[in-house]
Protein chains: 2
Amino acid sequence: MDTKQSDLTRDKILHAAFDEMHRNGFQAASIANILGDTGLTKGALYHYFPAKHTLGLAVIDEVIREGLEEMVFRPLREAEQPVTELLNIMQRKAEYANDDTIRLGCPLNNLMQEMSPLDEAFKARLTLILKAWQKAIRNALETGQRQRQIRADVDCEAAALFIVSAWEGCWGVAKNMQSVKTFRLCITQLQDYVLSLGPRSRPRNKQTQ
Amino acid sequence: MDTKQSDLTRDKILHAAFDEMHRNGFQAASIANILGDTGLTKGALYHYFPAKHTLGLAVIDEVIREGLEEMVFRPLREAEQPVTELLNIMQRKAEYANDDTIRLGCPLNNLMQEMSPLDEAFKARLTLILKAWQKAIRNALETGQRQRQIRADVDCEAAALFIVSAWEGCWGVAKNMQSVKTFRLCITQLQDYVLSLGPRSRPRNKQTQ
DNA sequence: ACACATCCATACCGGTTGGTATGATTCGAT
DNA sequence: ATCGAATCATACCAACCGGTATGGATGTGT
């Protein structure tokens with residue numbers, strides 16, 4: 001329990017910055033707001049981070065990346081039936097989604113859309129996460145092929161790319177519609193797509209409305 | 001050819017605003033940059049648009065919406081085999097994509113991600129476009145069902161939602177990776193998904209690398 | 001030719017932004 | 001106990017933002 005005070009304030013700043021960036025994006029994220037949320041002042045922030053830019057990169061590395069690692073990458077890596085686990089992760093996300101999470105959207109996706117064309121450092125870090133994600137799903141699918149859950153003729157690399165894309169797309173559209181229902185419906189379709197990669201491809205029943 | 005001078009300058013502002021918003025998003029779009037690109041000054045801009053907010057809405061209505069109408073909605077509406085046309089539209093987008101279009105991403109998607117949680121007026125207009133898009137694809141799929149191109153048990157409404165989502169997701173991921181190749185690969189997968197809604201579902205050959 | 005509205009340039013404003021310089025206080029090692 | 005480094009508060013700054021007020025120029029209808 002060697003949680004030094006200094007590390008605590010750094011973490012407070014980091015998570016307040018994440019929240020502010022999640023709400024307003026990086027560029028519109030206000031240093032003043034972040035400090036207001038923490039009760040700290042500029043002296044504290046600029047002691048730990050030399051510039052807003054550095055703070056943004058730290059949020060990506062230490063909040064977003066680590067969050068995805070725990071929520072997605074590790075479960076996929078450690079699962080015995082990773083394809084089933086993939087479907088479960090989607091299911092969990094769909095179930096736990098609420099108005100707030102949908103309104104603000106996927107933090108990773110938000111930053112990608114905003115910052116990739118503007119800042120090389122942001123883009124590089126976000127791309128790394130994206131590729132790790134694609135790789136995790138690809139591994140899951142390839143393991144699924146050995147377990148006869150995925151057809152042998154499936155191009156797992158391309159399918160993994162598409163799953164990540166569609167996943168972020170579902171977030172995006174649901175965010176715009178501000179509708180949890182839309183998100184769940186969309187994720188269901190994505191699950192159906194994954195199932196369609198299996199043998200006996202016809203998925204589940206029609207699900208009108 | 002009744003192109004009055006006043007309408008021309010209004011259009012110049014409108015398209016410069018679209019470009020600036022496409023590059024930097026709405027909030028970070030600088031009035032000064034827009035005016036710099038056009039060679040005009042604030043007097044001109046605020047003569048036609050009472051506020052930046054109004055200008056942003058006009059860009060959505062008169063540039064983005066109308067662009068999609070011509071590029072997607074109308075072709076789908078007027079095609080005799082709308083499902084084939086849908087695949088063709090994707091194909092065209094994939095072929096004509098270049099480094100610049102990929103770097104900046106889909107204008108509609110960009111604005112959705114940025115503005116939907118922040119501004120009700122933006123969100124409402126963007127949602128309308130999104131729903132029109134979903135409707136256009138849904139109609140195409142349902143016509144496809146009557147033409148035996150789409151299986152009868154497919155939920156066309158849900159599938160249309162997913163296609164729009166995945167479509168935007170492909171843009172988003174390719175934008176981050178800044179890779180035209182990624183975009184094309186992703187669109188190919190989306191085309192495969194559409195084909196998988198048809199009879200004899202197994203799509204095309206495996207396509208490694 | 002006169003009056004009036006349209007069109008647009010110029011100058012200016014208050015507010016907010018990220019960033020810095022300085023200094024007070026606390027902590028930690030010796 | 002003492003000294004130095006780490007930690008953070010305060011005050012301040014130049015740059016930029018969107019927006020406004022004013023006025024000159026250019027049609028346009030009568």
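Chain A is the first sequence line, chain B the second, and so forth, proteins listed ahead of strands; every chain is numbered from 1.
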side-chain contact (heavy atoms from CB on, under 4.5 Å) partners of A/Asn109, counting only residues at least two apart:
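Partners of A/Asn109 by the side-chain contact (heavy atoms from CB on, under 4.5 Å) criterion, ordered by chain and then number, come out as A/Cys106, A/Met112, A/Gln113, A/Glu168, B/Gln113.
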
Checking A/Asn88 now: which residues fulfil side-chain contact (heavy atoms from CB on, under 4.5 Å) with it, not counting sequence neighbours?
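A/Asn88 satisfies side-chain contact (heavy atoms from CB on, under 4.5 Å) with A/Thr84, A/Glu85, A/Arg92 once adjacent residues are dropped.
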
[X], [atom1] atom: more than 12 neighbouring heavy atoms under 6.0 Å:
X: B/Asn98; atom1: CG; answer: yes
X: B/Lys123; atom1: NZ; answer: yes
X: B/Glu80; atom1: CD; answer: no

Nucleic acid contacts of residues 35-47 of chain A, taken as heavy-atom distances under 4.0 Å to DNA chain D:
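Here the set is A/Leu40, A/Thr41, A/Lys42, A/Gly43, A/Ala44, A/His47.
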
Selection: residues 13-33 of chain A, any non-hydrogen atom under 4.0 Å of DNA chain C
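Under 4.0 Å from DNA chain C: A/Ala29, A/Ser30, A/Ile31.
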
Salt bridge flag under 4.0 Å for residues B/Arg74 and B/Glu66
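Salt bridge flag = no for B/Glu66 with B/Arg74.
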
Taking B/Glu142 first and then B/Arg138, would you say they form a salt bridge - that is, a charged N and a carboxylate O separated by under 4.0 Å?
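Counted as a salt bridge, because a side-chain N and a carboxylate O are separated by less than 4.0 Å.
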
Distance, rounded to the nearest Å, where A/Lys52 contributes NZ and C/dT20 contributes C1'
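Taking atom C1' of C/dT20 as the reference, NZ of A/Lys52 is at 17 Å.
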
Check the distance between D/dT7's P and A/Lys12's NZ and give it to me in whole angstrom.
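The answer, rounded to whole Å, is 14 Å.
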
Can a side chain N or O of B/Tyr48 be found less than 4.0 Å away from OP1 or OP2 on C/dC8?
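So the side chain of B/Tyr48 is within the cut-off, an N or O lying under 4.0 Å from OP1 or OP2 of C/dC8.
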
Does the side chain of A/Thr9 get closer than 4.0 angstrom to OP1 or OP2 of D/dT7 through an N or O atom?
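It does not, given that no N or O in the side chain of A/Thr9 lies less than 4.0 Å from OP1 or OP2 of D/dT7.
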
Bend angle of the helix from C/dC8-D/dG23 to C/dT30-D/dA1 from five-pair axes at both ends, rounded to 10°?
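The angle separating the two end axes equals 10°.
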
Going by atom types only, do A/Tyr48 and A/Thr9 share a side-chain donor-acceptor pair under 3.5 Å?
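Yes - a donor-acceptor pair under 3.5 Å links their side chains.
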
Using 30° and 60° as the class boundaries, would you call the ring planes of B/Phe183 and B/Trp171 parallel, tilted or perpendicular?
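Correct class here is tilted.
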
Any pair counted as ring pair (Phe, Tyr, Trp, His ring centres under 6.0 Å), so long as it reaches residues 102-126 of chain A, sequence neighbours left out:
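Non-adjacent pairs meeting ring pair (Phe, Tyr, Trp, His ring centres under 6.0 Å): A/Phe26-A/Phe122, A/His53-A/Phe122.
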
